[in-house]
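Here, residue 1 is the first one in the sequence, and each next residue gets the next number.
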Amino acid sequence: MASILRVNTLTDASSNNSIATSFVAGGSAKCWANVDQDSSTSIRDSLNTSGITDEATGRHTISFATNMGNAEYAHAGLIEAGGCYMLHSSGDKAAGSIKLSTRDATGSAGEYDYDDNGVVFHGDLA
């Protein structure tokens with residue numbers, strides 16, 4: 001049998017807003033995505049994404065289903081391929097989307113499509 005907990009206000013022992021609930025809501029990722037750039041430029045799995053656009057080799061735009069509060073959110077990415085990393089073009093970062101590029105970390109100037117990219121975003125939602 002399932003239990004349901006319904007509350008209007010959750011406070012700490014001193015009747016202050018709960019630090020724990022503020023931390024969880026404020027510190028949780030607001031968007032994340034596992035992206036395939038290589039064969040189909042698609043999002044395999046995600047939270048709060050509305051789509052992906054293939055801009056060029058090694059470049060794609062992820063759109064958010066619910067906009068971030070502003071363009072000052074934090075993000076990080078990882079590519080599961082030897083010797084590469086994910087960058088963003090800071091001039092192309094908006095509350096509703098972000099343009100990302102993937103490059104070879106060995107010093108090559110070229111951008112490449114990789115099969116397994118992960119990216120996560122932290123900040124306030126609009």
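The shortest heavy-atom contact between Asp54 and Ala56 is OD1-O, 3.2 Å. Heavy-atom minimum distance, Asp113 versus Gly58: OD1-N, 2.6 Å. Nearest heavy-atom pair, Tyr112 versus Thr57, reported as atom, atom and distance to 0.1 Å: CA-CG2, 4.1 Å. Closest approach of Tyr73 to Ala95, counting heavy atoms only: CE2-CA, 4.4 Å.
Two residues are said to be in side-chain contact when any heavy atoms from C-beta on lie closer than 4.5 Å; Glu55 and Lys99 meet this criterion. Looking only at side-chain heavy atoms (C-beta outward), Asp36 and Asp116 stay at 4.5 Å or farther from each other.
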Step by step, work out the side-chain contact (heavy atoms from CB on, under 4.5 Å) result for Trp32 and Asp45. CA-CA 8 Å; Trp32 61 264; Asp45 197 7; 3.6 Å; yes
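The OG1 atom of Thr61 sits 8.0 Å away from atom CD1 of Ile52, with the distance rounded to the nearest 0.5 Å. For the atom pair CD1 of Ile79 and CG of Leu100, the computed distance is 9.5 Å after rounding to the nearest 0.5 Å. Atom OG of Ser101 and atom CD of Gln37 lie 9.0 Å apart (nearest 0.5 Å). In this structure, the separation between NZ on Lys30 and NE2 on His75 is 16.0 Å, given to the nearest 0.5 Å. Taking CZ of Phe64 as the reference point, atom CG of Leu47 lies at 11.0 Å (rounded to 0.5 Å).
Within the 3.5 Å criterion, the main-chain N or O of Thr66 finds a donor-acceptor partner in the side chain of Asn48. Remark: side-chain polar atoms of Asn67 are not paired, donor with acceptor, to backbone N or O of Asn70 under 3.5 angstrom.
Side chains of Thr102 and Glu111: no donor on one and acceptor on the other come within 3.5 Å.
The only option from Asn34, Ile62, Ile98, Thr49 that meets the side chain to side chain contact (heavy atoms under 4.5 Å, CB included) definition with Val119 turns out to be Ile62.
Ion pairing of Arg44 with Asp115 is present here, as a side-chain N (NZ or NE/NH1/NH2) and a carboxylate O approach within less than 4.0 Å.
Scanning for side-chain hydrogen bond (donor to acceptor under 3.5 Å, both in side chains) contacts around Asp38 gives an empty result, with sequence neighbours left out.
Both Phe121 and Ile43 are members of a single hydrophobic cluster when ILVMFWY side chains are connected at heavy-atom separations under 4.5 Å.
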